[in-house]
Amino acid sequence: MSPQVRRRSALGAAAALTGALSGGILLAFHAPAVAVILGVLLSLALGAALAFLVLAQRAQGRLNALLRAEAQAQAADRERSAAERAALSQQLARVTGMLDQGAVSRADLRKMEQRLVRSAGDDEAQVEAYLQLLHLAQPVRALPRARGWAASPDLLLTLVDTVLSRKPRLVVDIGSGLSTVWEGLALRGLGSGRVVALEHDESFAAETTALIERHEVSAHASVRVAALKPMLVDGREMLWYDTAALDDLHDIDLLVVDGPPGDTGEMARLPALPALWDRLAADAVIILDDANRDDEIAIVERWLATYPQLSARRLPHEKGAAVLTRTQPATGPST
Ligand SMILES: C[S@@+](CC[C@H](N)C(=O)[O-])C[C@H]1O[C@@H](n2cnc3c(N)ncnc32)[C@H](O)[C@@H]1O
């Protein structure tokens, strides 16, 4: 309540009180009973007015506090926006300065812009792929995030789609993880087939096994720990999974190559085909992840040169993927 309203209310109440008192004195002499009733009514009215005044005062206090807090918040917002504007204009000034000195060319800026636009597009593509994955393979529990060390949704979608369309009896997944679980989910959807993943690291093997159990796909997916051991490939000693772990595996319909990690050696995934060639089904499909990397580009070239009956198709996935299939009847390597 504003001070003017308070002043006017007080004056009004004093005038009413004076009028009521003089009327009351007159009435008390001529009609005492009416004077008593009027006195009681007047006291009640005065009490109610007093209570109203107190409540109104309190409400005003609360309103004032709220208005003060709002004003403080707005001031803080204004300060933050001003600081952000200042930081932005500083950055702009830096970029403009670099442009003036020729440290950044307009072509560089255009490339940066294109990279940003492309990465936003990649994100969209991954979300689209993930939505399709959920629909096709229907997990009922939460899964860890894809991308990074794990396969990206675009590759997972290729794997799930390949499993659903080719209905493989045996999938071998080199480098265990999310890929193993999604392949297991797709196989469970089909009601048959199994995926065996190879993993050199016991703790990652345990993580993948826990995921397989959590998603109730143990009937279709398993992980085998196989230490990395020296292997001769084209006369060169390389590290690859202990092939004893694969002894019972034949007629592999789908081979997914996403391990060992690149830091275990140059062209670390090259041995996959020499090690497993004789264990592949005649119409096997081989899918290699990270096919945009120099090592993997060289690996595909070597595989195509060594096994001329293979042909390769590149998929425009964010990390790149190569799909290799046989175009001629299965024979041994050309070398
Ligand atoms: C590219 S990852 C395999 C990913 C798997 N195919 C998937 O989709 O999740 C290759 C190997 O890297 C190792 N690895 C997995 N996650 C890792 C991490 N967060 N840090 C370091 N190595 C990791 C594991 O040994 C794995 O077999």
Side-chain angles (χ1 to χ4, degrees), residues 126 129-130 132-134 136-137 139 141-163 168 170-187 194-215 217 220-229 231 238-243 245-246 252 254-273 275-276 285-297 299-300 315 317-324:
Q126 299 309 318
Y130 208 82
Q132 293 195 62
L133 271 176
L134 294 176
L136 291 176
R141 309 292 302 268
L143 276 158
R145 283 193 69 168
R147 295 175 112 171
W149 276 90
S152 295
D154 53 9
L155 178 75
L156 293 171
L157 183 60
T158 296
L159 299 180
V160 163
D161 194 53
T162 307
V163 167
L170 178 59
V171 181
V172 170
D173 193 19
I174 314 273
S176 79
L178 265 189
S179 51
T180 322
V181 180
W182 280 101
E183 287 151 4
L185 285 166
L187 290 165
R194 65 186 173 126
V195 47
V196 176
L198 283 196
E199 179 55 64
H200 72 284
D201 183 306
E202 285 191 17
S203 63
F204 288 125
E207 265 181 38
T208 306
T209 303
L211 271 179
I212 286 171
E213 282 163 8
R214 184 172 153 76
H215 287 269
V217 288
H220 298 279
S222 60
V223 183
R224 295 184 182 178
V225 178
L228 296 180
K229 290 195 156 181
M231 174 190 283
M238 302 186 72
L239 280 182
W240 206 70
Y241 303 88
D242 183 355
T243 47
L246 301 161
I252 300 167
L254 172 60
L255 174 65
V256 180
V257 184
D258 194 16
D263 59 9
T264 56
E266 201 187 324
M267 291 173 79
R269 297 173 183 180
L270 178 68
L273 268 202
L276 294 173
V285 174
I286 302 138
I287 298 180
L288 173 70
D289 192 16
D290 303 305
N292 286 345
R293 299 192 303 209
D294 289 345
D295 262 15
E296 274 63 26
I297 290 171
I299 288 171
V300 171
L315 301 179
H317 290 352
E318 70 170 355
K319 299 182 194 171
V323 181
L324 294 103

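Just so you know, residue 1 is the first one in the sequence shown, and it goes up from there. Just so you know, ligand 1 is whichever comes first in the structure, and atom 1 is the first atom listed for that ligand. The analysis underlying the following values was restricted to heavy atoms, covering all of them including side chains, and did not include hydrogens, waters or symmetry mates.
In this structure, atom 10 (C) of ligand 1 lies nearest to the protein heavy atom Asp258 O, 3.2 Å. Among all protein heavy atoms, the one lying closest to atom 17 (C) of ligand 1 is Phe204 CZ, 3.1 Å. Nearest protein neighbour of atom 5 (C) of ligand 1, counting heavy atoms only, is Ser176 O, 3.3 Å. In this structure, atom 9 (O) of ligand 1 lies nearest to the protein heavy atom Leu178 N, 2.8 Å. Given atom 11 (C) of ligand 1, the protein heavy atom at minimum distance is Pro261 CG, 3.7 Å. The shortest contact between atom 1 (C) of ligand 1 and any protein heavy atom is with Trp149 O, 3.2 Å.
A donor-acceptor pair under 3.5 Å is absent between the side-chain atoms of Asp173 and the main chain of Ala197, judged by distance alone. With hydrogens and angles ignored, the 3.5 Å screen pairs no side-chain donor or acceptor of Lys319 with any backbone N or O of Arg147. Using a distance-only test at 3.5 Å, with no hydrogens or angles considered, a donor-acceptor pair links the side chain of Thr162 to the main chain of Thr158. Between the side chain of Arg224 and the backbone N or O of Ala245, at least one donor-acceptor pair lies under 3.5 Å. Judged purely by atom type and a 3.5 angstrom limit, Gln126 uses its side chain to pair as donor or acceptor with the backbone of Asp154.
Each of Leu155, Leu187, Leu156 was compared with Trp182 under the side-chain contact (heavy atoms from CB on, under 4.5 Å) criterion, and only Leu156 meets it.
Short contacts between ligand 1 and Ser179, defined as distances under 4.0 Å to a heavy atom of the residue, involve ligand atoms 5 (C), 6 (N), 7 (C), 8 (O), 9 (O). Every atom of ligand 1 is numbered from 1 in the order shown, and the set under 4.0 Å from a heavy atom of Glu199 is 24 (C), 25 (O), 26 (C), 27 (O). Atom numbering of ligand 1 starts at 1 in the shown order; those under 4.0 Å from a heavy atom of His200 are 25 (O). When each atom of ligand 1 is checked for a heavy atom of Ala151 under 4.0 Å away, the hits are 7 (C), 8 (O), 9 (O).
No N or O atom of Tyr241 sits closer than 3.5 Å to an N or O atom of ligand 1. Between Gly175 and ligand 1, an N or O atom pair is found at a separation short of 3.5 Å.
For the pair Leu254 and Val163, the minimum side-chain heavy-atom distance is below 4.5 Å.
Side-chain atoms of Ser152 and His317 form no donor-acceptor pair, as typed in the model, at a separation below 3.5 Å.
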